[in-house]
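Numbers restart at 1 for each chain; the letters A, B, ... are given by sequence-line order, proteins then strands.
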Amino acid sequence: DSGVTQTPKHLITATGQRVTLRCSPRSGDLSVYWYQQSLDQGLQFLIQYYNGEERAKGNILERFSAQQFPDLHSELNLSSLELGDSALYFCASSVQQGGGEQYFGPGTRLTVT
Amino acid sequence: GIQVEQSPPDLILQEGANSTLRCNFSDSVNNLQWFHQNPWGQLINLFYIPSGTKQNGRLSATTVATERYSLLYISSSQTTDSGVYFCAVERFGTASKLTFGTGTRLQVTL
């Protein structure tokens, strides 16, 4: 158990819908990262927050957004869902802003039908 | 961006055999991690090893940062070692994100 929690574990929804994925980092970790794992793109970085502020952005679609709350949990919002958004979404956390070990949560498996 | 190549892409071993997985990267890094993704999809941290050598039970890893590669050694493999092994790096001096290799899929048979 990494100490990072993600909910829900599975999510099945229809095209065009909007979903929210939730992540709670390990106790004491200030950085939260979101990654997407799809069959065709592999594991890709989406976005990072550090202590409530956005710090780095990767290949995140405009239909996706995220935020980190004062209690340091984070949410990833996916809207206008398409079939291609079906993937495993991971949250990771680390103590520092960069260069430190990242610990991954169990992931949320999203299926868009 | 930084390139991360893993080899071999696939590996089939008999239980008890040893193996070496390799990760090459194209630029200087300040973070390198090895993960095991089990059949249920969970990513398990194996090593945080931007340089040097570490050992944890039957697993050990070595990163030679100056030559831009890392090796993961699995000894006396067990069926529970099956899954996909990923190497991920964070490029030095850039935003803190991990760039993953495409993985080595390991199958350990009885």
Side-chain angles (χ1 to χ4, degrees), chain A residues 1-6 8-11 23 26 29-51 53-60 66 86-111, chain B residues 1-7 9-10 21 23-25 27-52 54 56 59 61 63 65 70 72 83-105:
Chain A
D1 187 350
S2 67
V4 179
T5 61
Q6 289 187 249
K9 289 184 180 174
H10 302 276
L11 200 48
C23 167
R26 292 187 323 154
D29 285 359
L30 298 179
S31 268
V32 169
Y33 311 78
W34 287 97
Y35 293 84
Q36 179 195 56
Q37 185 178 29
S38 61
L39 284 175
D40 54 344
Q41 298 287 334
L43 261 157
Q44 287 199 310
F45 168 76
L46 295 178
I47 197 164
Q48 180 209 3
Y49 281 82
Y50 177 78
N51 204 20
E53 293 190 9
E54 182 184 307
R55 279 288 186 252
K57 227 170 183 177
N59 298 323
I60 186 166
S86 296
L88 197 48
Y89 291 85
F90 288 103
C91 168
S93 73
S94 68
V95 171
Q96 56 203 79
Q97 190 169 329
E101 185 170 6
Q102 294 185 26
Y103 294 85
F104 280 69
T108 292
R109 189 174 295 277
L110 173 66
T111 303
Chain B
I2 192 167
Q3 305 300 312
V4 183
E5 295 180 356
Q6 291 187 242
S7 60
D10 296 281
L21 282 57
C23 171
N24 292 333
F25 43 95
D27 209 337
S28 300
V29 299
N30 60 353
N31 179 5
L32 188 147
Q33 292 184 238
W34 282 97
F35 297 90
H36 174 215
Q37 187 166 37
N38 63 25
W40 297 271
Q42 206 167 5
L43 273 175
I44 298 163
N45 287 41
L46 297 178
F47 293 102
Y48 168 72
I49 187 165
S51 65
K54 289 186 177 179
N56 184 4
L59 303 181
T63 297
S70 183
L72 177 68
V84 183
Y85 289 79
F86 289 103
C87 166
V89 302
E90 178 183 330
R91 188 175 153 207
F92 185 76
T94 65
S96 52
K97 63 172 187 177
L98 288 176
T99 299
F100 282 78
T102 51
T104 292
R105 184 173 298 274

Q. Roughly how far, to the nearest 0.5 Å, is the CZ atom of B/Phe100 from the CD atom of A/Gln44?
A. 11.0 Å
Q) A/Gln102 and B/Asn45: which non-hydrogen atoms are nearest, and at how many Å? A) O-ND2, 2.9 Å
Q.
Tell me if the CD atom of B/Glu5 is crowded by more than 12 foreign heavy atoms within 6.0 Å.
A. no
Q. With a 4.5 angstrom heavy-atom cut-off, which part of A/Leu43 approaches chain B: side chain, backbone, both or neither?
A. both
Q: Give the intermediate values and the outcome of side-chain contact (heavy atoms from CB on, under 4.5 Å) for residues B/Leu98 and A/Phe104.
A: CA-CA 12 Å; B/Leu98 288 176; A/Phe104 280 69; 4.1 Å; yes
Q: Heavy-atom distances under 4.5 Å only: say whether A/Tyr103 touches chain B with side chain, backbone, both or neither.
A: both
**Q.** Approximate separation, where rounding is to 0.5 Å, of B/Gln42 CD and A/Asp1 CG
**A.** 8.0 Å
(Q) Is A/Tyr50 in contact with chain B via its backbone, its side chain, both, or neither, using a 4.5 Å heavy-atom distance? (A) neither
(Q) Can you tell me if A/Arg109 has over 12 outside heavy atoms packed within less than 6.0 Å of its CZ? (A) no
Q. Could you state the interatomic distance from CD (B/Gln37) to CZ (A/Phe90), rounded to the nearest 0.5 Å?
A. 5.0 Å
**Q.** Inter-residue atom distance B/Lys97.NZ - A/Leu46.CG, 0.5 Å rounding
**A.** 10.5 Å
Q: Report the residues that fulfil side-chain hydrogen bond (donor to acceptor under 3.5 Å, both in side chains) with A/Ser38, sequence neighbours left out, ordered by chain and then residue number.
A: A/Asp40
Q | Among the listed options A/Gly100, A/Gly107, A/Gly58, the residue most often paired with chain B at heavy-atom distances under 4.5 Å | A | A/Gly100
